[in-house]
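What follows is a short report on a single structure.
Just so you know, these numbers come straight off a predicted model, no measurement behind them. Only this structure's heavy atoms are used, side chains among them; waters, hydrogens and symmetry mates stay out.
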Amino acid sequence: REGIFARWSTPESASPIISFCSTLSLIYFCHWPQEKELQDESTSLLLILAKKGPFVRQLMMVSPSFQQIAALHSVCASLRHNASQAEISASMSSFSFSGNLSVEAVKGYLRLPYSDRARVLTCLVVGCSDMDNDKSNAVLDSCLKAVSNHFWALCEALSNKQAKANDINVQESACLSILLFGGIVCASEMSEPERVPHFITPYLPHLSGLMTFYAADLTICEALLKLFRDYAERYLSMLDRDQCISLFTSSATLLKHYSEQHCKNRVIHKRSEALEGEFEEEQSYQDILCAIQLLIHLGTKDFTDLCNSSKGVETGQITDIIFFGLQQILPLMTQGLLQYPTLCQMYFSLVGFMVETYPEKLCALPFELFSSLLDSLLFGMSHSDSLVSKSSLQGLASLAKEHLKTHALASHLATKGDIIENCSQRLIQEVIFKPIIWDRLESSGMALLPLAAIDVQKFIGLVSIISQQLGSDDKQKRMHQAFERLIKPQVLAKVAAEGREGRMVRIQFKNNYDAFVRDVHSFLIVK
C-alpha cells in the first residue's frame, strides 16, 4: 500500500493539506484568539510544517492563508490590544499587500496574546527562510521590518520624551516589541540561522536600554531577560567577535540596571510550604532565574571558541562580564530565595563553575559581595540536594586552595579574621557530624583538608572547642583521637606548601576521612 510520505511527496498531492493546515490556523488566530489550547496547537502545527524542509516551505509560501497570516503579523506588529480604529486603519493602509485582509480579521488577530503573536512570528520566520525563493525573502523582510519599525519608533519616542514610559499604552508597546523580538530569536531552526544575529545585533544596546525605563515592571523586565537568555543560548556558538562583544556589553548594561532596581526595592520571602504553592511562588522569581541562566550561557562562549578555528573573544572579556553579572546577582540571592529548588540549582551551577574555574577573581570581590557569596556556599553545603551541596563544598575547597597558593583572602581576613575558622566549624558541625554526610562524603573531606591547612594551630584550637561541647569526657577523648588520626601535620604542611593535595595525599586522606566519619558517627549519632 502507498505510504503517507509517498502519498504527499508531490506538490499536487501535498499542497491541499498544507493549505488546509494554514487556513485552519488562520481561522483559529482570528476567531478564537483567547483559546490557549487552540493557539498552542496551531502554532506548533505551523512550526512543524515549516521545519520539514524546503519542499513544504515552498508549498506554505504559495498558500493564500499563510500569506494572510504574514500580512496580519506585519499589520499588527505595531498595534496593541487596545488599538483604536484610526490606528488599525493607518496600519492597514501602510502595507500594500494588506488589501485581502478584513478589518474583522485584523481585530481578531489583535486579541491574540502577545506571546502567541511572537510564536506566530517564529513560524513565519522559519517558514520564509529559504534564501533561494524570492517570495520567501520578500515576506521575511516585511515581517522583520514591521518589528524593527515599531521598535525604532518606540525608542525614539522614549528618548525624545515624546512618550512617557509609565503610560499604559507605551508599556504595552514595549512589551509587544520585546516579545516579537523573542519570536525572531526562537526561529533558530530556520534555514541559514546566522541571519538572526545579523538582524538582532544592532538592536541589542537599545533593547538593554529599555531596562532603564522598565526595571521596576516585572513583566517587561522578565521579558527582556528572557530575550537575552534565549538569544545567548541559541546563537552564542555562531556569533563572530563583534556580535559577541555587542551581546556582552548589552547584557552588562541590562543586568546593571536590573540589579540597581531590585537590590534596593525587592524583598524576597518564602511563605508557602505546600509543593503547589511553592511552585507558584517560584514562578514570581523567573526574572532572577533568567538572569542566572543568561550568565551561564554567556560563560559557555569560552569553551565554544576552543572548537572554533576563527578568532574569538578573549577569555578575559568573557570572565569579566560573567563576574560583573555575578556581582549584580549576588545581593539578590538571599537564603529565602535559595530555598526555591530550580533557582537554587541554577545559582549553584553558576557559582560552582566560576569558583572552581576562576577562584582568584571571586577572592578579589569587595568584602560585602564576597561575604554574600561565602554565606551562600555555607548555606548550600548542607542543602538536601546533593548536587547543590557538592557544588558548594567544591567551591569552598577552591577558595581555600587559592588562599594557600596566593594568600588571596588576606584583605578579607584583615576585615574579618575568623572567616576560615567559621567555615571549618560550620563544615564540621552542619555537614560532617550530620546524617546527611554520606552523599557528600568525598567533597566535604576535600573541603576540610585545605581549610585545616591554612592555619593548623587555629584548627587544632577549633577541634578542642568542638570537643568540649560534647559533654562527657569519653566523647571528648574519642573526638581528639579521631582528629589526631585524620589530621597528619606532615600532610597539612605539604598541602599548605603546594596549595594542593596531590594524588597520593588525596587517596590517603580520602581513606582516613572515611574511617574518621564512621568512627565519629559511631558515638555521636548512634545511641
Side-chain angles (χ1 to χ4, degrees), residues 295 299 302-303 306 314-330 348-378 380-381 390-428 442-462 487-510 513:
L295 291 175
D302 201 15
F303 297 94
L306 294 176
E314 295 179 3
T315 297
Q317 293 175 298
I318 298 171
T319 55
D320 285 348
I321 181 59
I322 302 303
F323 276 94
F324 176 81
L326 186 59
Q327 289 181 55
Q328 310 308 309
I329 297 298
L330 274 174
F348 282 105
S349 175
L350 171 65
V351 170
F353 164 74
M354 298 308 294
V355 174
E356 280 195 83
T357 312
Y358 308 106
E360 71 284 355
K361 287 186 171 289
L362 284 177
C363 290
L365 287 172
F367 179 76
E368 292 77 11
L369 290 177
F370 176 80
S371 180
S372 178
L373 170 71
L374 190 59
D375 285 343
S376 69
L377 291 177
L378 294 174
M381 69 182 181
K390 289 175 183 177
S391 294
S392 302
L393 289 165
Q394 289 166 0
L396 203 59
S398 296
L399 294 178
K401 290 176 186 177
E402 184 63 26
H403 180 69
L404 287 172
K405 288 188 291 186
T406 65
H407 299 286
L409 299 177
S411 61
H412 297 321
L413 289 172
T415 304
K416 186 178 180 183
D418 63 346
I419 292 177
I420 304 301
E421 292 76 34
N422 181 52
C423 291
S424 300
Q425 183 174 4
R426 290 189 61 178
L427 173 59
I428 293 171
E442 181 177 356
S443 53
S444 62
M446 291 302 104
L448 181 66
L449 181 58
L451 285 171
I454 290 176
D455 193 323
V456 180
Q457 294 304 315
K458 286 187 177 181
F459 184 78
I460 293 173
L462 176 63
I487 304 299
K488 307 292 185 182
Q490 64 273 20
V491 172
L492 293 183
K494 178 179 176 61
V495 174
E498 299 182 6
R500 60 185 181 87
E501 62 272 7
R503 181 174 178 273
M504 295 306 296
V505 170
R506 171 185 284 268
I507 294 173
Q508 180 184 355
F509 185 81
K510 180 181 176 182
Y513 181 71

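Distance check, rounded to the nearest 0.5 Å: NZ of K405 to CD of E360 gives 8.5 Å. To the nearest 0.5 angstrom, Q394 atom CD is 9.0 Å from K401 atom NZ. With values rounded to the nearest 0.5 angstrom, S372 atom OG is found 9.0 Å from L326 atom CG. Atoms CG and CG, on L396 and L374 in that order, are 6.5 Å from each other to the nearest 0.5 Å. For the atom pair CD1 of I428 and CZ of F459, the computed distance is 4.5 Å after rounding to the nearest 0.5 Å. Remark: S349 OG to L295 CG distance equals 11.5 Å, nearest 0.5 Å.
With contacts defined as side-chain heavy-atom distances shorter than 4.5 Å, the pair Q457/D455 qualifies. Side-chain atoms of M381 and R426, non-hydrogen and from C-beta on, do get closer than 4.5 Å to each other.
The nearest pair of heavy atoms linking M354 to L362 is C-CD1, 4.1 Å. Residue G445 comes nearest to F509 through the heavy atom pair O-CE2, 3.2 Å, listed as atom of the first residue, atom of the second, then distance. The two residues S444 and Y513 come nearest to each other via the heavy atoms OG-OH, 2.7 Å. The two residues C363 and L399 have their closest heavy-atom pair at SG-CD2, 3.7 Å. S424 and L451 get closest at one heavy-atom pair: OG-CB, 3.6 Å. Across all non-hydrogen atoms, the minimal contact from L393 to S443 is CD1-OG, 3.4 Å.
A donor-acceptor pair under 3.5 Å is formed between the side chain of H412 and the backbone N or O of L365. A side-chain donor-acceptor contact under 3.5 Å links S376 to the backbone of L373.
A donor-acceptor contact under 3.5 angstrom links the side chains of E402 and T406, judged on distance only.
With sequence neighbours excluded, no residue satisfies ring-ring contact (aromatic ring centres under 6.0 Å, His included) with F324. Considering only residues two or more places apart in sequence or on other chains, R506 meets the salt bridge (Lys or Arg N to Asp or Glu O under 4.0 Å) condition with E442, E501.
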For residues 415-423, dump all side-chain donor-acceptor pairs below 3.5 Å to protein atoms at least two apart in sequence or in another chain.
| unit_1 | atom_1 | unit_2 | atom_2 | d |
| --- | --- | --- | --- | --- |
| T415 | OG1 | S411 | O | 3.2 |

